[in-house]
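This report concerns only the one structure given below.
Naming: A, B, ... by sequence-line order, numbering from 1 per chain.
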Protein chains: 2
Amino acid sequence: MSLDYAILGFLNYHPYSGYDLKKIFDTTVQHFWSADQSQIYRTLARMTEQGLVDVEKIAQDDRPDRKVYHVTEAGRAALLDWLSEPPPMQANRSAPLIQVFFCGQLPDDDVLAKFEYVADLMREILKRYDQIPGQIDIHAPEIASPRERYFWLLTLDLGIRTMRANLEWAESVIEQIKNGQVPKA
Amino acid sequence: MSLDYAILGFLNYHPYSGYDLKKIFDTTVQHFWSADQSQIYRTLARMTEQGLVDVEKIAQDDRPDRKVYHVTEAGRAALLDWLSEPPPMQANRSAPLIQVFFCGQLPDDDVLAKFEYVADLMREILKRYDQIPGQIDIHAPEIASPRERYFWLLTLDLGIRTMRANLEWAESVIEQIKNGQVPKA
DNA sequence: CGCCTATATATGCATCGTCCTATATGATAT
DNA sequence: ATATCATATAGGACGATGCATATATAGGCG
């Protein structure tokens with residue numbers, strides 16, 4: 001259901017097509033949410049049936065026709081209701097940590113390589129996060145008010161803080177392996 | 001597929017039943033993985049067909065019969081192969097952050113209440129993390145080697161670091177709201 | 001006697017999510 | 001000429017997940 005509200009949230013700023021929404025997801029909220037193209041279309045179809053959004057068909061000469069979606073009053077009400085609810089606290093799920101949990105089975109050299117790989121990935125992700133702020137104007141210029149931008153930057157701030165914590169963790173593990181502080185089997 | 005390897009990892013320490021595994025998941029790795037009971041049983045059934053595990057039926061007088069699962073050689077090989085692979089970096093998905101992203105729609109008081117609720121939840125989770133170390137002996141005493149414990153504590157360390165970062169973030173947001181630093185619509 | 005809890009396994013159902021593929025158009029590159 | 005890319009929408013197949021429910025045994029409580 002989260003995708004529903006993410007879509008409603010963006011459509012509440014401005015009408016968009018499924019194709020637009022896919023691009024917006026991939027650029028503005030990609031640090032905490034991803035959306036598959038086919039699922040966006042399917043969700044929009046369902047939400048149209050449910051009366052949460054309206055479709056406006058726009059014919060184009062040079063390109064395929066667009067279906068632009070608008071929030072209805074019901075959709076807007078559903079969004080505001082949901083925003084008022086306590087946040088949907090989900091269970092943490094981290095597949096990589098399953099590897100960490102059991103990787104005592106491997107020799108230290110392999111473990112070290114694994115953590116150095118992870119640390120490099122995290123440094124790259126942090127670099128990518130630095131580039132996000134510039135993208136909201138390009139891909140969702142309708143999110144223009146200082147207040148909207150503020151809350152958007154809050155999510156990015158959390159992403160950066162979390163990723164830094166992860167990186168510090170990985171670096172501390174690397175240190176411990178190099179110093180021979182990992183117990184032997 | 002992650003659940004497969006988590007199950008293989010535990011069965012590689014010791015044979016367990018589905019019921020045992022459910023309890024172990026809920027106590028030892030609950031800070032980064034949860035498993036539904038029905039899915040554990042279904043996964044064990046599939047893995048038996050695939051030859052990754054073997055079943056041993058144990059009749060009990062006072063209680064229903066148990067089906068205790070053992071890792072096969074193929075299962076052990078699959079586990080070690082997977083542990084050697086680069087960690088399966090998944091997309092971050094955070095439903096609560098969708099609320100944060102769009103909650104500029106709400107008045108500051110509601111936003112403040114939301115973040116105080118989140119901060120309280122995180123403090124509770126941090127308290128719960130403190131109690132995890134004692135539980136591994138009770139619910140999975142077979143994970144006894146210092147090396148295994150070390151990697152297990154690494155996952156807990158990351159959970160604590162991440163949760164602390166989240167809490168600091170929430171507290172900084174609360175400060176900003178109280179100081180009137182959030183832009184008005 | 002009925003009810004609840006713990007142990008133990010299993011199925012049904014619906015949703016969510018991802019991957020792959022199909023369809024259609026126009027512009028640009030080789 | 002052909003290939004590929006960007007735009008634009010959509011369906012099939014499948015796996016993962018979660019919730020509810022069914023079945024069975026034994027013990028404890030009121």
Side-chain angles (χ1 to χ4, degrees), chain A residues 1-8 15-27 29-30 32-50 52-53 55-69 88-95 98 138-139, chain B residues 1-8 15-27 29-30 32-50 52-53 55-69 88-95 98 138-139:
Chain A
M1 293 295 288
S2 298
L3 181 60
D4 292 37
Y5 296 109
I7 288 174
L8 283 176
Y16 289 113
S17 71
Y19 193 84
D20 294 335
L21 285 168
K22 171 63 177 160
K23 277 193 300 183
I24 290 170
F25 273 89
D26 286 351
T27 47
V29 297
Q30 109 268 56
F32 68 86
W33 199 264
S34 63
D36 187 74
Q37 173 260 108
S38 66
Q39 207 190 345
I40 289 176
Y41 284 108
R42 267 190 270 253
T43 303
L44 285 169
R46 176 173 49 74
M47 287 165 73
T48 306
E49 282 176 37
Q50 294 172 337
L52 299 169
V53 296
V55 197
E56 177 194 4
K57 279 174 194 158
I58 297 184
Q60 296 187 120
D61 289 344
D62 53 337
R63 288 175 189 171
D65 297 351
R66 287 159 56 83
K67 289 168 78 173
V68 173
Y69 292 85
M89 278 309 186
Q90 73 219 336
N92 303 321
R93 298 189 138 257
S94 172
I98 296 178
I138 300 165
H139 293 286
Chain B
M1 292 296 289
S2 298
L3 181 60
D4 293 38
Y5 297 109
I7 288 175
L8 283 176
Y16 290 113
S17 71
Y19 193 83
D20 295 335
L21 285 167
K22 172 60 177 162
K23 277 193 298 182
I24 290 170
F25 272 88
D26 286 351
T27 46
V29 297
Q30 109 268 54
F32 67 87
W33 198 265
S34 62
D36 188 75
Q37 173 259 110
S38 67
Q39 207 191 341
I40 289 176
Y41 283 108
R42 266 190 274 254
T43 303
L44 285 169
R46 175 172 48 74
M47 287 166 72
T48 306
E49 281 175 38
Q50 293 171 338
L52 299 170
V53 295
V55 197
E56 177 194 4
K57 279 173 193 157
I58 297 184
Q60 296 186 120
D61 288 343
D62 54 336
R63 287 175 191 173
D65 297 351
R66 286 160 56 84
K67 288 168 78 173
V68 173
Y69 291 87
M89 279 307 184
Q90 75 221 332
N92 303 320
R93 297 191 139 257
S94 171
I98 296 178
I138 300 164
H139 292 287

>> Using a 4.0 Å heavy-atom cut-off to protein, can you give one letter per nucleotide of nucleotides 8-14 of chain C, 5' to 3': B if the base is in contact, S if only the sugar-phosphate is, - if neither?
In response: BBBBBB-
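Residue L21(A) comes nearest to I7(A) through the heavy atom pair CD1-CG2, 4.0 Å, listed as atom of the first residue, atom of the second, then distance. Shortest non-hydrogen contact noted between Y19(B) and Y41(B) is N-OH, 3.4 Å. Across every non-hydrogen atom of L52(A) and L8(A), the tightest pair is O-CD2, 4.0 Å. Across Q30(B) and D26(B), no two heavy atoms sit closer than the pair CB-O, 3.4 Å. Residues D4(A) and M47(A) come closest through the heavy atom pair O-CE, 3.6 Å. Residues D65(B) and A59(B) come closest through the heavy atom pair OD1-CA, 3.4 Å.
Distance K22(A) NZ to dT18(C) C1': 11 Å, rounded to the nearest Å. What separates NZ of K57(B) from C1' of dT7(C) is a distance of 18 Å, to the nearest Å. To the nearest angstrom, P of dG17(C) lies 11 Å from CZ of F25(A). In this structure, the CG atom of D26(B) is 15 Å from the C1' atom of dT7(C), given to the nearest Å. When rounded to the nearest whole Å, the span between CG of D36(A) and P of dT15(C) equals 18 Å.
Side chain of K67(B) to main chain of S17(B): no donor-acceptor pair is present (N/O by atom type, distance under 3.5 Å, no hydrogens or angles). Side chain of Q90(B) to main chain of R93(A): a donor-acceptor pair is present (N/O by atom type, distance under 3.5 Å, no hydrogens or angles).
Boundaries of the chain B contact region on DNA chain D are dA16(D) to dA26(D), first to last in 5' to 3' order (nucleotide atom under 4.0 Å from a heavy atom).
Under 4.0 angstrom from either OP1 or OP2 of dG17(C) there lies at least one side-chain N or O belonging to R93(B).
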